[in-house]
Peer 1: 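Dropping a structure here in structure tokens format, bear with me for questions.
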Amino acid sequence: MASANKPINTDVPEKDVFALHFLQSLSNLRRQNTFNSPEKTNDRVKKIKKVAYVSMARAAGGTNRLWSRALLRRAAKENNKVVRFPRRKKRVTCLRRRRSNRRDPVEEEEAERLRNLVPGGGGMEISKLMEETAHYIKCLSMQVKVMQCLVDGLAPK
Amino acid sequence: MLDSLLTPSTSSHMQTSATTFDHKDFLNHIFASAPWPSVDETHAPQPPPSDVFVDSRNQQIMMMPLSSHHQNDNVDGSSAHALYSGFSATGSRPFHIPQGSGGGPMHQQGQTQRQPQQQASASTDTGGTAVSPSQSRTKVRARRGQATDPHSIAERLRRERIAERMKALQELVPNGNKTDKASMLDEIIDYVKFLQLQVKVLSMSRLGGAAYVSSQSSEAGGSHGSASSAVAGGNQPTGNSNDGLTMTEHQVAKLMEEDMGSAMQYLQGKGLCLMPISLATAISTATSHTRNSLIPGAGDVGGRPSSSNLSGKTVQTMNTLKLNSNGNCMAEGSSSIAVKEAVSISKP
């Protein structure tokens with residue numbers, strides 16, 4: 001518990017950034033030959049969903065956030081791509097938490113569930129996890145707004 | 001470096017030299033500027049121009065009152081008290097006396113000063129009573145009745161950080177007025193699941209497919225939050241879905257003759273599911289009255305997005321769509337595979 005008490009920065013870019021990334025990746029997706037076949041809608045759904053998450057991760061700050069890094073890494077692993085992330089300045093060190101780490105069992109159980117939901121939450125302790133969750137929630141809601149607007153705009157009247 | 005740290009921008013002229021210290025003056029300044037938490041609030045959202053602040057650490061110190069303002073009930077008096085007892089113990093003080101609004105950052109600096117000192121003197125600190133290092137930093141003296149153990153201080157700081165973050169999350173999550181930490185965490189978890197489900201459903205509708213898919217997604221998404229799309233989407237299902245469903249029915253029947261898997265996939269792509277008739281009738285009778293409340297209920301922005309509720313609703317909308325068009329529901333023994341599609345909220 002030696003780090004300073006810096007204020008949390010949970011700023012999220014505007015809707016335009018998210019929309020831009022998403023539309024770019026959608027148009028990339030369309031160019032793929034295997035995409036526009038009428039059958040196999042399930043695959044299309046999965047691809048679109050993956051694209052949505054990846055574009056959200058990129059729009060939200062790329063590799064500057066833990067969850068977006070984890071997301072991008074996971075997506076790249078599925079594609080069997082090798083990714084190289086620049087080294088971050090500070091590492092998450094568990095060594096600093098000495099005996100002052102009070103494990104509240106109720107809290108820990110909830111934290112475990114949260115860790116399963118938020119990407120990259122495995123190695124974090126609770127305060128960092130909550131910070132990442134806040135940012136993740138903001139980005140998710142932004143992404144949902146963008147997608148909803150697109151659907152509304154394109155839906156038949 | 002200490003000098004630059006302690007110079008608030010509002011009172012850059014208040015640089016007294018660090019030779020003698022008067023307790024009374026110090027206390028008068030702190031308590032005379034009584035509403036300094038609120039004063040800081042006006043400053044904090046917009047950090048003052050950084051010509052006085054030398055490095056980013058100053059800005060952090062200036063920003064701190066905003067975050068700690070929420071905790072001002074247990075922080076203010078105690079830390080002012082802590083500083084006072086700390087000064088009385090050592091009799092030396094490196095602080096300058098800031099002006100009124102600087103009283104806020106003043107005590108915050110006391111707190112932030114504690115931490116680097118803790119880091120630096122972790123190995124040599126013997127419970128807060130050791131001789132201060134030669135850098136003439138303040139001695140950390142916890143408030144009365146508390147252990148001066150560095151672990152408990154760290155513990156307290158950690159709890160404060162967690163509370164701070166919990167407050168930030170509370171503002172984000174709708175219905176975040178729960179005071180209990182456990183239930184708040186539950187709400188957070190449910191909300192994250194809900195958002196992920198929304199992304200999934202919206203990506204299904206991106207196929208530009210049938211209208212009932214998009215209306216279904218707008219209904220599911222509209223049960224929480226976006227009222228307009230829900231109201232708009234709520235009017236659609238009855239019109240378009242009937243034709244669409246008969247076509248789908250024929251299509252699925254055709255596919256089923258060839259290969260069950262592809263039929264299932266087709267259904268999944270449409271966002272429909274196959275379930276036993278008994279279950280379907282049970283659900284439809286149970287929810288025929290609640291379905292009417294779905295649409296006006298969706299207009300309510302503060303809807304509670306519990307995951308079980310949501311998946312229940314999605315199943316209902318799908319199911320009632322199916323049942324409305326044809327009396328004999330498509331049922332195949334015990335296959336209710338795609339119900340999982342709606343109910344399970346898997347990792348993206």
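Labels below follow one simple rule: chain letters A, B, ... track the order of the sequence lines, proteins then strands, and each chain is numbered from 1. None of these values were measured; they are calculated from a predicted model.
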Peer 1: Non-hydrogen atoms of chain A under 4.5 Å away: do they reach the side chain of B:Leu185, the backbone, both or neither?
Peer 2: both
Peer 1: Do the non-hydrogen side-chain atoms of A:Arg113 and B:Asp186 ever get within less than 4.5 Å of each other?
Peer 2: yes
Peer 1: Pick one of side chain, backbone, both or neither for B:Leu172, based on which atoms fall under 4.5 Å of a heavy atom in chain A.
Peer 2: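 For B:Leu172, the contact with chain A is made by the side chain alone.
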Peer 1: Hey, what do you get for CD1 (B:Ile162) to CE (A:Met130), rounding to the nearest 0.5 Å?
Peer 2: 6.5 Å
Peer 1: Are any side-chain N or O atoms of B:Arg165 and backbone N or O atoms of A:Ser127, one a donor and one an acceptor, separated by less than 3.5 Å?
Peer 2: yes
Peer 1: So what's closer than 4.5 Å to chain B heavy atoms on A:Ala52: side chain, backbone, both or neither?
Peer 2: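 A:Ala52 touches chain B through side-chain heavy atoms alone.
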Peer 1: If you look at every heavy atom in A:Thr133 and B:Leu169, which pair is closest and at what distance?
Peer 2: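 It is C-CD2, 4.2 Å.
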Peer 1: Hey, could you give me the NZ/CD distance between A:Lys145 and B:Gln198, rounded to the nearest 0.5 Å?
Peer 2: 11.0 Å
Peer 1: For the residue pair A:Tyr136 and B:Gln196, establish whether any side-chain heavy-atom pair is separated by less than 4.5 Å.
Peer 2: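 Of all side-chain heavy-atom pairs linking B:Gln196 with A:Tyr136, at least one is under 4.5 Å.
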Peer 1: Which heavy atom in A:Val151 sits nearest to a heavy atom in B:Leu202, and how many Å separate them?
Peer 2: CG2-CD2, 3.9 Å
Peer 1: State the CD1-CD1 distance between A:Ile137 and B:Ile188, to the nearest 0.5 angstrom.
Peer 2: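 Nearest 0.5 Å value for the CD1-CD1 distance: 6.0 Å.
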Peer 1: Rounded to the nearest 0.5 Å, what separation is found between the OH atom of B:Tyr191 and the CG atom of A:Leu117?
Peer 2: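 Going from OH on B:Tyr191 over to CG on A:Leu117, the span is 14.0 Å.
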Peer 1: Go through A:Lys138, A:Met56, A:Glu110 and name the one with the most non-hydrogen pairs under 4.5 angstrom from chain B.
Peer 2: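 When all of A:Lys138, A:Met56, A:Glu110 are compared, A:Glu110 has the most.
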Peer 1: Do A:Met147 and B:Ser203 come within less than 4.5 Å of each other through their side chains, counting heavy atoms only?
Peer 2: yes
